[in-house]
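Here's the structure we're looking at; comments come further down.
It should be emphasised that the depicted structure is a prediction, and the values quoted were computed from it without experimental measurement.
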Amino acid sequence: TELRGNTYKEVGFRYISAAITLFFCALVMVSIYVWITLFDGKIGIAASVCLSASIKLFEVIFRPVAVWTTNLENHRYESDYTDALIWKNVAFESINYYYP
């Protein structure tokens with residue numbers, strides 16, 4: 001299904017969207033570094049709860065941001081929109097769930 005066309009403005013929004021996704025990935029990496037430093041790399045109950053809460057918090061924050069930035073990209077076809085949203089979520093969730 002055709003939705004909208006592509007212009008330089010939409011291409012610019014795609015770069016901005018990618019930058020926002022990378023920013024969130026970097027934010028997760030920094031929070032993991034802080035977590036490791038705070039708990040000296042030892043995994044106890046408090047450390048596990050803190051890490052789980054952090055993962056869920058970032059997930060809850062990023063999902064609407066991913067939808068919002070994908071909407072800004074103004075994809076021509078619905079399949080392109082879906083692909084872009086999936087790639088953002090996969091990139092972010094890979095870092096959020098599996099970084100170190």
*Could you tell me how the ring of Phe92 sits relative to the ring of Phe62: parallel (under 30°), tilted (30 to 60°) or perpendicular (over 60°)?*
parallel
Is [Y] reachable from [X] through a run of I, L, V, M, F, W or Y residues, each pair having side-chain heavy atoms under 4.5 Å apart?
X	Y	value
Met29	Leu57	yes
Trp87	Leu72	no
Leu22	Ile32	no
Val60	Val28	no
Tyr99	Ile43	yes

Within the structure provided, determine whether [X] and [Y] are in side-chain contact (heavy-atom separation under 4.5 Å).
X	Y	value
Ile20	Val65	yes
His75	Thr70	yes
Glu59	Tyr97	yes
Val67	Leu85	yes
Ile61	Phe24	yes

Could you pull out all donor-acceptor pairs under 3.5 Å where a side-chain atom in residues 33-41 meets a protein atom, sequence neighbours excluded?
from  : atom 1 : to    : atom 2 : distance (Å)
Trp35 : NE1    : Ala47 : O      : 2.9
Thr37 : OG1    : Tyr33 : O      : 2.9

*When clusters are formed from ILVMFWY side-chain contacts under 4.5 Å, directly or step by step, what else is grouped with Ile45?*
Val49
*Fellow cluster residues of Ile86, listed by chain then number, with links counted only when side-chain atoms sit under 4.5 Å apart*: Val90
*Is Glu73 paired with Lys9 through a side-chain N to carboxylate O contact shorter than 4.0 Å?*
no
*Is there a salt bridge (Lys or Arg N to Asp or Glu O under 4.0 Å) between Arg63 and Glu93 once you walk through the steps?*
CA-CA 10 Å; Arg63 289 208 182 211; Glu93 289 175 6; 2.7 Å; yes
*asked:* Quick one about Asn74 and Tyr81 (side-chain donor to acceptor, distance below 3.5 Å, no hydrogens or angles considered), yes or no?
replied: no
Just by distance, do the side chain of [X] and the backbone of [Y] share a donor-acceptor pair under 3.5 Å?
X	Y	answer
Asn96	Ile55	yes
Ser54	Cys50	no
Ser17	Phe13	no

*asked:* Within this structure, what is the OG1-CG distance for the pair Thr21 and Asn89, rounded to the nearest 0.5 Å?
replied: 8.5 Å
*Supply the atom-to-atom distance Asp83 CG to Lys88 NZ, rounded to the nearest 0.5 angstrom.*
10.5 Å
